[in-house]
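Heads up, the thing below is written out as structure tokens.
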Amino acid sequence: MRKNGEQMNNSRPTLALRGVQVWQGLLDRPAQEAIVQSIRSIVAAAPLFSPMTPYGKPMSVQMTSAGRFGWVSDRTGYRYSEAHPRGTAWPAIPASILDIWGKVSESDRVPECCLVNFYRESAKMGMHQDRDEAEFGEPVVSVSLGDDGLFRIGNLTRGGKTESIWLKSGDVVVMGGDARLVYHGIDKTRSGSSSLLNGGGRINLTLRVVT
Ligand code: MD6
Ligand code: FE
């Protein structure tokens, strides 16, 4: 929990869906452009790769990370790693991205991983829980940039009724508290819906405390 006087924030999420907070339009266009610039330097130091699922099929989303830990996936499974698949350390999480965590997370920890997901046309992400972290008391914060993405929110167990929302460029999602372990995924993106990224596509950043 936040200590008195630390990082006070008087804004509020615009929407809550099954306990998942959505801060629509939290980042204006200049803020989005600045973050895209910092993602370019992350990708220069730690190139995007297509993780292999344990089933031997590449994911449709390309990934890289910043921070002490990055998320990797290969035939031995999914895990956090202190090295990029090519063997190098991950770059630091840029301050402009850490600032978003400070605004919305209500945490006094610092994120140790910023996972960068890049969706080209027709990429999607199946329903999953984020449960490779040690501390489920800490939220996961996500930032959407570029094309709209159809975000589906389910339940604490697989299956059942779901609700969906289009996430737009500049929207921030906080998955914490009772909603920390809900199943969620991206069904599709709306190609050409944003002019933010040269060449189109969608970027989603997820900030996590890992240890
Ligand atoms: C995406 N997001 O928006 C995928 N996970 O592309 C996630 O998987 C996610 O948005 C945890 C918390 C928030 C998220
Ligand atoms: Fe997730």
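Side chains included, hydrogens not; waters and symmetry mates left out as well; all remaining heavy atoms used. Atoms within a ligand are numbered from 1 in the order they appear, just like the ligands themselves.
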Check your understanding: Hey, does H128 sit under 4.0 Å from ligand 1 if you only count heavy atoms?
Key -> yes
Among all protein non-hydrogen atoms, which one is nearest to [atom], and what is the separation to 0.1 Å?
atom	value
atom 6 (O) of ligand 1	Y119 OH, 2.5 Å
atom 12 (C) of ligand 1	V140 CG1, 3.4 Å
atom 9 (C) of ligand 1	H184 NE2, 3.3 Å

Review point. Tell me, which N, O or S atom in D130 is closest to the Fe ion (ligand 2)?
Key: OD1
Point to revise | Any donor-acceptor N/O pair, N204 side chain to V116 backbone, under 3.5 Å | key: no
Exercise for review: May I ask you to decide if the ring planes of F49 and W90 are parallel, tilted or perpendicular, using 30° and 60° as cut-offs?
Suggested key: tilted
Exercise for review: Give the contacting part of T206 toward ligand 1: side chain, backbone, both or neither, where contact means a heavy-atom distance below 4.0 Å.
Suggested key: side chain
Under 4.0 Å from a heavy atom of [X]: which atoms of ligand 1 are those, numbered in the order shown and with their elements?
X	result
I186	1 (C), 3 (O), 4 (C), 6 (O)
D130	5 (N), 11 (C)
M175	11 (C), 12 (C), 13 (C)
F151	10 (O)
R202	1 (C), 3 (O), 6 (O)

Do [X] and [Y] belong to the same hydrophobic cluster, where Ile, Leu, Val, Met, Phe, Trp and Tyr are linked whenever their side-chain heavy atoms lie under 4.5 Å apart, directly or via other members?
X	Y	answer
V140	M63	no
L150	F118	no
I35	L48	yes

Review point. Is there side-chain contact between E121 and T189, with at least one heavy-atom pair below 4.5 Å?
Key: no
Check your understanding: Is it the case that R180 places NZ or CZ above or below the six-membered ring of F136, under 6.0 angstrom from the centre and within 45 degrees of the axis?
Key -> no
Practice item. Before accepting this row, confirm whether a basic side-chain N of the pair K168/D148 lies closer than 4.0 Å to the acidic partner's carboxylate O. Key: yes
**Study point:** Heteroatom distance test (N204, ligand 1): nitrogen or oxygen, under 3.5 angstrom
**Key:** yes
Point to revise | Side-chain donor-acceptor pair present, R18, N155, cut-off under 3.5 Å | key: yes
**Study point:** Heavy-atom proximity to atom 10 (O) of ligand 1, best of S142, G126, P139
**Key:** S142
